[in-house]
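Heads up: the structure comes next, in structure tokens.
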Amino acid sequence: MAGSLNLLTDIGVGNTHPEDRETSDDIFSPSAEIALTLEVISDLTRALERAETFINDRPHWYQKCYPSTCIPLSHGTLQAKEDTEAIDRSMLAMHALKRGIEATQHVSSWLETQHTACEEAVGTLKLRAGLLRLPKGILSIILAYASHQTTSNEMVDVESSANAITKLSLVCSHFRNVMLGTPDYWDRIASSMSDDAVDAYLFRRGVGNLQIIVAMSSFKGGVELLAFWQRIAQNAHLWNRFVLHHQEANAEDMHYLVVWEPEARGVYAPGLTEILIRLPSFSRQIQLQGVEGFEFDQNDRSLHFYSSWNTPNLRSMIMENLVPVPFLGTFSLTSLQILLDFRPFRGLTMRFFTALSTFLSLCPVLRRFALEIRDSMSVENMQRNTVEVRSITELTLMFPYCSSDVPKSLFRLIHFPGIQSFELGCSLDPDGYDVMRKALSQCPSFPKLTKLSIRVLDTDYYAQLEQTKTLWFTIPSLPHLRCLEFATLDATLRPLQAYSDLPGLQTLVFKNCTADMLYFKQFCDHIRLQHRPGPPIKLRIEGCPWKNSLQEIYMAMGDPQNIGLAVDDDE
């Protein structure tokens, strides 16, 4: 028994971790069961080692102790007696061997299972020991990464992050102290939190850069809503990001929004840099019309609750199914994203474009603008003054299942002369090529354009609708274009007319283009042959099944300088 206790001491049984002294000592003391088990394992190991030495000297034990004899064809009484005795001896040996096999197999299986469990525990303990030796600043970054959950549903993310924080803080007191003392773990407050949780997060955060995520569906009544808001509004100086999730709103939720808006006026949030508002799709808004006296109006003040806020450092706005109205924060805005979802019917966008043109005209420093319109048509029913927005340099337009009147109306109403980067996407419906053609025809009106990206949109919603696999379009001549990118999935590309003149092109990118290689090969040949003296055009291919084939064709042609095309074969 003494040997077993020495073994226990050697492997550290009974030695507690210095960070885990908060529980009673007897939990960490070696029990009689542990000592007994290790003693049996030690005795078994010694017995097996002796047995191994014994059997190593007897590799053919059975053949030597029970030699085989030739069985004569004749049969007699003496032979029958000898055979019977040989069978009895062999059956005894076989029974002993079978018991040995079964016992050793069972013991081996048990030992392997326990060893695997020990190995995993040792690995975990070594990892924790390594983490505990890290400087507090580095450990806090690692734990923040482990606790911060990010998906498309921010309300769920906040709850998951809170659960992760709780679990990590239970690992040991050191982890807990790091978690409690690091403000970055406490940067998101959601309306689904309890009052105590909100107070704890406000107390722990303290230093600003606080994200507020609100969903009216979180509240069971107006009193609960206003109580939450009072806590949050008192700490508006800590805000960095404000989010209103309202996609699944019902009439009661919309009523809460109307009740809340007067209380939300006049907020001063000097650190607020982003506002995100997600409203229901327009089909859902139609369902809500007239329910319990509610009327959904895009100009309703409750939807634009932010318009009374003082946000001198606002930089970004993200809107779903809502076009923002001008307010003080407009003058510092540098990034704007808008999604208008008209599925499953084709909505009319003209009134939204009018509101958009008004808003953009009052954004003097806006640099990035992204607009996605789903399943829409636009009817030009009146003459309006064109707005010129010179500050925007990055433009992203996505038109899944839209009529060609949508980009036509947009560009008639709003001009973007300062665009340097333009990303354009359409779907493979019958109108897709018209949308692409209308939008691309505007590129010459972007005199500063240096980057053009063309995308075919992939969305499950449109899978059952009419599709066409051929996209006919022509890129206009763009003398200042430096980078051209295709991301066209399985669309077969065909030019409507002669290939364009792109004398200044420096980089050509094919990304996730899974259709036939023919168009891309022809386009490459046209581009390289028109290339002017200077460095060759850089060709980069990603996610295309014919990548290696096309690369080998041009690499076999010789010097990139001579053929005008340099293949980028970096993985």
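Between Leu410 and Phe399, some side-chain heavy-atom pair lies under the 4.5 Å cut-off. Side chains of Leu272 and Trp309 form a contact here, defined as non-hydrogen atoms less than 4.5 Å apart. Counting only heavy atoms from C-beta outward, the side chains of Leu360 and Leu366 approach each other to under 4.5 Å. In this structure, the side chains of Glu485 and Glu542 stay at 4.5 Å or more apart for every pair of heavy atoms. Within the 4.5 Å cutoff, no side-chain heavy atoms of Thr311 are placed close to those of Trp239. The side-chain heavy atoms of Glu372 and Gln337, taken from C-beta on, include no pair separated by under 4.5 Å. Counting only heavy atoms from C-beta outward, the side chains of Phe305 and Val267 never approach each other to under 4.5 Å. Leu493 has its side chain out of reach of Cys513: every pair of non-hydrogen atoms, C-beta onward, lies at least 4.5 Å apart.
Taking the side-chain contact (heavy atoms from CB on, under 4.5 Å) definition, one finds that Asp490 meets it with Leu428, Lys469, Thr514, sequence neighbours left out. Partners of Asn209 under the side-chain contact (heavy atoms from CB on, under 4.5 Å) rule, at least two apart in sequence or in another chain, are Arg205, Asn240. Shown here are the side-chain contact (heavy atoms from CB on, under 4.5 Å) partners of Ser316, two or more places apart in sequence or in another chain: Glu274, Ile318, Ser335.
In this structure, the separation between CD1 on Ile212 and CG on Asp187 is 10.0 Å, given to the nearest 0.5 Å. Of the inter-residue distances, the one linking Met436 atom CE with Ser404 atom OG reads 13.0 Å to the nearest 0.5 angstrom. Put simply, NZ on Lys448 and NE2 on His480 are 11.0 Å apart, with the number rounded to the nearest 0.5 Å. Taking CZ of Phe422 as the reference point, atom CG of Leu449 lies at 8.0 Å (rounded to 0.5 Å). Between Leu340 atom CG and Glu320 atom CD the span is 10.0 Å, to the nearest 0.5 Å. With rounding to the nearest 0.5 Å, the separation of NZ in Lys451 from CD1 in Ile419 is 13.5 Å.
Pairing each heavy atom of Thr330 with each of Cys363, the nearest pair is CG2-SG, 3.2 Å. The nearest pair of heavy atoms linking Tyr268 to Pro312 is CE1-CD, 4.2 Å. When all heavy atoms of Arg188 and Leu210 are compared, the closest pair comes out as N-CD1, 4.3 Å. Nearest heavy-atom pair, Arg241 versus Leu276, reported as atom, atom and distance to 0.1 Å: NH2-CD1, 3.6 Å. A pairwise comparison of heavy atoms in Arg540 and Thr507 identifies NH1-CG2, 4.0 Å as the closest pair. The minimum heavy-atom distance linking Ser361 with Val387 is given by the pair CB-CG1, 3.6 Å.
The only member of Leu452, Leu440, Thr450 that meets side chain to side chain contact (heavy atoms under 4.5 Å, CB included) when paired with Leu478 is Leu452.
Relative ring orientation between Trp260 and Phe242 is described as parallel, the plane-to-plane angle staying below 30° on a 0-90° scale split at 30° and 60°. A tilted orientation is assigned to the rings of Phe486 and Phe510, their planes being inclined by 30° to 60°.
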**side chain to side chain contact (heavy atoms under 4.5 Å, CB included) between Arg368 and Thr334, intermediate numbers included** = CA-CA 6 Å; Arg368 294 176 297 279; Thr334 60; 3.9 Å; yes
**Prompt:** Given the rule in the side chain to side chain contact (heavy atoms under 4.5 Å, CB included) test, do Met317 and Phe359 qualify, once you have shown the distances and angles that lead to the verdict?
**Reply:** CA-CA 12 Å; Met317 292 188 77; Phe359 184 82; 4.1 Å; yes
**Request:** Give the intermediate values and the outcome of side chain to side chain contact (heavy atoms under 4.5 Å, CB included) for residues Leu371 and Phe352.
**Result:** CA-CA 12 Å; Leu371 174 64; Phe352 296 98; over 6 Å; no
**Item:** side chain to side chain contact (heavy atoms under 4.5 Å, CB included) assessment of Ile277 paired with Leu303
**Value:** CA-CA 9 Å; Ile277 301 175; Leu303 300 180; over 6 Å; no
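Counted within 6.0 Å of CZ on Arg390, heavy atoms from surrounding residues, nucleotides or ligands total 12 or fewer; the atom is thus considered open.
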